[in-house]
There are 2 protein chains.
Amino acid sequence: MPVPTKKKPQVTAARRPAAGAAQARRRELLETAAEVFAEQGYNATTVRKIADHAGMLAGSLYYHFDSKESMLEEILRTFLDELWDGYDTVLDAGLGPRETLEALVTESFREIDRHRAAVAIYQKESKQLVAQERFGFLAESQRRFEKAWLSTLERGVAAHVFRADLDVRLTYRFVRDTVWVAASWYRPGGQHSPEEIARQYLSMVLDGIAVRE
Amino acid sequence: MPVPTKKKPQVTAARRPAAGAAQARRRELLETAAEVFAEQGYNATTVRKIADHAGMLAGSLYYHFDSKESMLEEILRTFLDELWDGYDTVLDAGLGPRETLEALVTESFREIDRHRAAVAIYQKESKQLVAQERFGFLAESQRRFEKAWLSTLERGVAAHVFRADLDVRLTYRFVRDTVWVAASWYRPGGQHSPEEIARQYLSMVLDGIAVRE
DNA sequence: TAACCTACCAAACACTTGTTAGGGAAGGAC
DNA sequence: GTCCTTCCCTAACAAGTGTTTGGTAGGTTA
């Protein structure tokens with residue numbers, strides 16, 4: 001492709017100034033967009049609101065992004081990529097089922113700490129987004145997610161470390177939901193660190209809240 | 001108020017035909033509106049979509065309702081009224097803390113069974129709605145809700161039936177969220193009844209998923 | 001029959017939405 | 001200096017939004 005057909009002007013690597021400065025601004029804008037999306041909801045968020053928060057006008061956003069939807073896509077893709085980096089590390093570590101569950105939960109709360117806005121958006125909008133083929137990667141991620149959790153739970157039941165009398169699928173949903181909805185009330189810098197929340201949550205899920213006799 | 005100033009024509013009780021027929025239609029329309037709101041999100045739902053599902057034109061909805069927002073308000077009010085009917089019955093029954101928790105959870109899943117759409121809407125939109133004074137009743141309900149759950153948990157800790165080493169507020173959030181997010185995947189008429197889901201959920205929350213030794 | 005009411009339709013309204021086109025100021029490259 | 005690129009602004013567009021107004025078919029009442 002000798003003749004660039006893309007709208008964004010091509011810059012040779014040699015000339016590019018302050019390499020990555022443009023991408024830094026891009027990330028900055030995505031950060032504020034994610035926060036507005038998370039707070040007001042994707043549909044209720046106008047590009048003018050995003051521009052306001054970024055200190056610019058609506059049209060100027062289109063110098064950096066193709067569309068409002070592509071901003072949303074990039075936010076979710078970035079989040080899921082990092083999430084699976086962490087998950088895969090855990091899943092490939094060869095841990096036992098209980099240790100895997102503990103590590104997955106802890107990793108999840110760390111992701112909430114890092115990507116609070118993206119998680120909140122994912123929670124609220126993913127259900128309607130998966131229908132669009134543009135966001136098909138959400139469905140694929142969901143399948144991998146379910147597979148990872150279900151197999152961990154099933155491994156635990158087989159190894160007699162998790163109870164056998166519970167519906168595994170139901171348990172999966174409870175665990176999954178409770179972990180991720182934390183994004184709706186979690187505030188970074190609060191009195192509980194992600195690890196502390198994970199510890200208490202695991203204690204509750206594994207041993208229950210009732211006193212043992 | 002001898003002279004009616006309302007837009008909707010006043011009908012004397014004596015003449016009213018098929019008493020409550022209008023209100024039945026009203027409920028019917030709110031039912032379909034709630035389903036569309038739950039499926040697509042409130043902001044993404046246009047009055048034309050609601051009218052489509054109801055087999056009429058957008059403008060015709062305004063014969064029955066003042067605005068799109070008033071439809072949302074009535075949906076949520078109806079749901080919360082019924083919810084608190086059930087909750088108050090439980091809370092006034094003079095049960096012990098563990099029995100109260102069990103009854104509250106079971107009642108919650110029953111409400112999800114009855115008002116699936118309204119619960120889903122509440123979950124998704126309440127956070128943004130409470131800011132508007134029109135929806136101030138949501139904030140009041142949230143306060144009562146938190147008080148009911150927290151006091152039950154604290155009673156349980158004081159009576160040594162619930163563990164004392166858990167952060168009560170954190171426990172409350174986990175219990176609350178896990179119960180209500182069930183509305184996002186629950187389908188009435190599925191293989192699990194509300195009572196069965198409540199039973200399994202309570203078993204998990206109270207005793208944990210780990211095998212005891 | 002005549003009057004009236006209910007529940008809807010048809011058509012438009014003012015406004016907001018995401019998006020685009022053209023321009024221009026600032027600053028580095030040569 | 002001149003050129004060129006970056007990054008934003010101004011101003012508009014077309015489509016879609018919630019809502020209103022006036023009308024009307026069909027049933028009910030008197």
Side-chain angles (χ1 to χ4, degrees), chain A residues 4 6-30 32-33 36-37 40-75 125 129 132 134, chain B residues 4 6-30 32-33 36-37 40-75 125 129 132 134:
Chain A
K6 295 166 75 172
K7 270 163 41 183
K8 294 275 289 291
Q10 288 289 52
V11 183
T12 66
R15 285 163 122 200
R16 184 175 300 153
Q23 205 159 12
R25 180 74 175 126
R26 193 184 174 81
R27 263 203 293 272
E28 196 179 334
L29 291 173
L30 283 178
T32 71
V36 186
F37 283 156
Q40 325 225 9
Y42 173 72
N43 284 290
T45 299
T46 70
V47 292
R48 283 165 179 81
K49 278 187 202 163
I50 301 175
D52 272 0
H53 282 253
M56 56 200 286
L57 291 186
S60 307
L61 283 173
Y62 288 79
Y63 173 75
H64 299 276
F65 306 99
D66 288 340
S67 65
K68 180 188 173 189
E69 216 178 47
S70 77
M71 299 180 73
L72 177 62
E73 182 183 344
E74 194 164 339
I75 290 168
E125 319 285 350
L129 293 176
Q132 307 176 44
R134 166 168 210 168
Chain B
K6 296 164 76 171
K7 269 162 44 182
K8 294 273 289 290
Q10 289 287 52
V11 183
T12 66
R15 284 162 121 202
R16 184 175 300 152
Q23 205 158 12
R25 180 76 175 127
R26 193 184 175 82
R27 262 203 294 272
E28 197 179 333
L29 290 173
L30 283 178
T32 70
V36 186
F37 283 155
Q40 324 226 9
Y42 173 73
N43 284 290
T45 300
T46 70
V47 292
R48 284 165 179 81
K49 279 186 201 162
I50 301 175
D52 272 0
H53 280 254
M56 56 201 285
L57 292 185
S60 307
L61 284 172
Y62 288 79
Y63 172 75
H64 299 276
F65 306 99
D66 288 340
S67 65
K68 179 188 173 188
E69 216 178 48
S70 78
M71 299 180 73
L72 176 62
E73 182 184 344
E74 194 164 338
I75 290 169
E125 319 285 350
L129 292 177
Q132 306 175 45
R134 167 167 209 169

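Protein chains get the first letters and strands the later ones, always in sequence-line order, with residue 1 at the start of each.
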Practice task
Would you indicate which nucleotide in C/dC8, C/dT19, D/dT20 comes nearest to any side-chain atom of B/Tyr62?
Solution key: D/dT20
Handout entry: Distance under 6.0 Å and angle within 45° of ring axis: B/Lys68 vs B/Tyr42
Key = yes
Practice task
Would you kindly give the CE-to-P distance between A/Met56 and D/dT6, to the nearest whole Å?
Solution key: 15 Å
Exercise for the section: Output the distance between atom CE (A/Met56) and atom NE2 (A/His64), rounded to the nearest 0.5 Å. Expected result: 4.5 Å
Exercise for the section: Taking only the side-chain heavy atoms of A/Leu57 (C-beta and beyond), determine which of C/dT19, D/dT10, D/dG18 contains the nearest atom. Expected result: D/dT10
Practice task
Would you tell me if any nitrogen or oxygen in the side chain of B/Arg25 comes within less than 4.0 Å of OP1 or OP2 on C/dT6?
Solution key: no
Problem - Between P of C/dC9 and CG of B/Asp52, the distance in whole Å - result: 11 Å
Exercise for the section: Let me know the distance between CD of A/Gln23 and P of D/dC7, rounded to the nearest Å. Expected result: 12 Å
Practice task
Answer yes or no: is there a side-chain heavy-atom contact under 4.5 Å between B/Glu74 and B/Phe65?
Solution key: yes
Exercise for the section: Determine yes or no for a side-chain-to-main-chain donor-acceptor pair under 3.5 angstrom, with A/Lys49 supplying the side chain and A/Ala44 the backbone. Expected result: yes
Practice task
Determine the contact category for B/Ser70: base if any of its heavy atoms lies under 4.0 Å from a base atom, sugar-phosphate if only primed atoms, P, OP1 or OP2 are that close, otherwise nothing.
Solution key: nothing
Exercise for the section: Please state how far atom CG in B/Leu29 lies from atom C1' in C/dA7, giving the value in whole angstrom units. Expected result: 11 Å
Exercise for the section: Please state whether the phosphate of D/dC7, meaning OP1 or OP2, lies under 4.0 angstrom from any side-chain nitrogen or oxygen of A/Ser60. Expected result: no
Problem - B/Glu73 CD to D/dG18 C1', straight-line distance once rounded to whole Å - result: 17 Å
Exercise for the section: Using atom CG of A/Asn43 as one end and atom P of C/dT16 as the other, report the distance to the nearest whole Å. Expected result: 18 Å
Exercise for the section: Check whether any side-chain heavy atom of A/Asn43 sits under 4.5 Å from a side-chain heavy atom of A/Glu125, and report yes or no. Expected result: yes
Practice task
For A/Asp66 and C/dG18, give me the distance from atom CG to atom C1', rounded to whole Å.
Solution key: 13 Å
Handout entry: D/dC8 OP1/OP2 closer than 4.0 Å to side-chain N/O of A/Tyr63
Key = no
Exercise for the section: Check the distance between C/dA7's C1' and B/Arg26's CZ and give it to me in whole angstrom. Expected result: 14 Å
Problem - Minimum-distance nucleotide (side-chain atoms of A/Thr46 versus C/dT17, C/dT19, D/dC8) - result: C/dT17
Problem - Residue mapping more 5' on DNA chain D - nearest nucleotide basis, A/Arg48 or A/Ala58 - result: A/Ala58
Practice task
From the options C/dT17, D/dC8, D/dG18, select the nucleotide whose nearest atom is closest to the side chain of B/Val47.
Solution key: D/dG18
Practice task
Report yes if a side-chain nitrogen or oxygen of B/His64 is closer than 4.0 Å to either non-bridging phosphate oxygen (OP1 or OP2) of C/dT6; otherwise report no.
Solution key: no
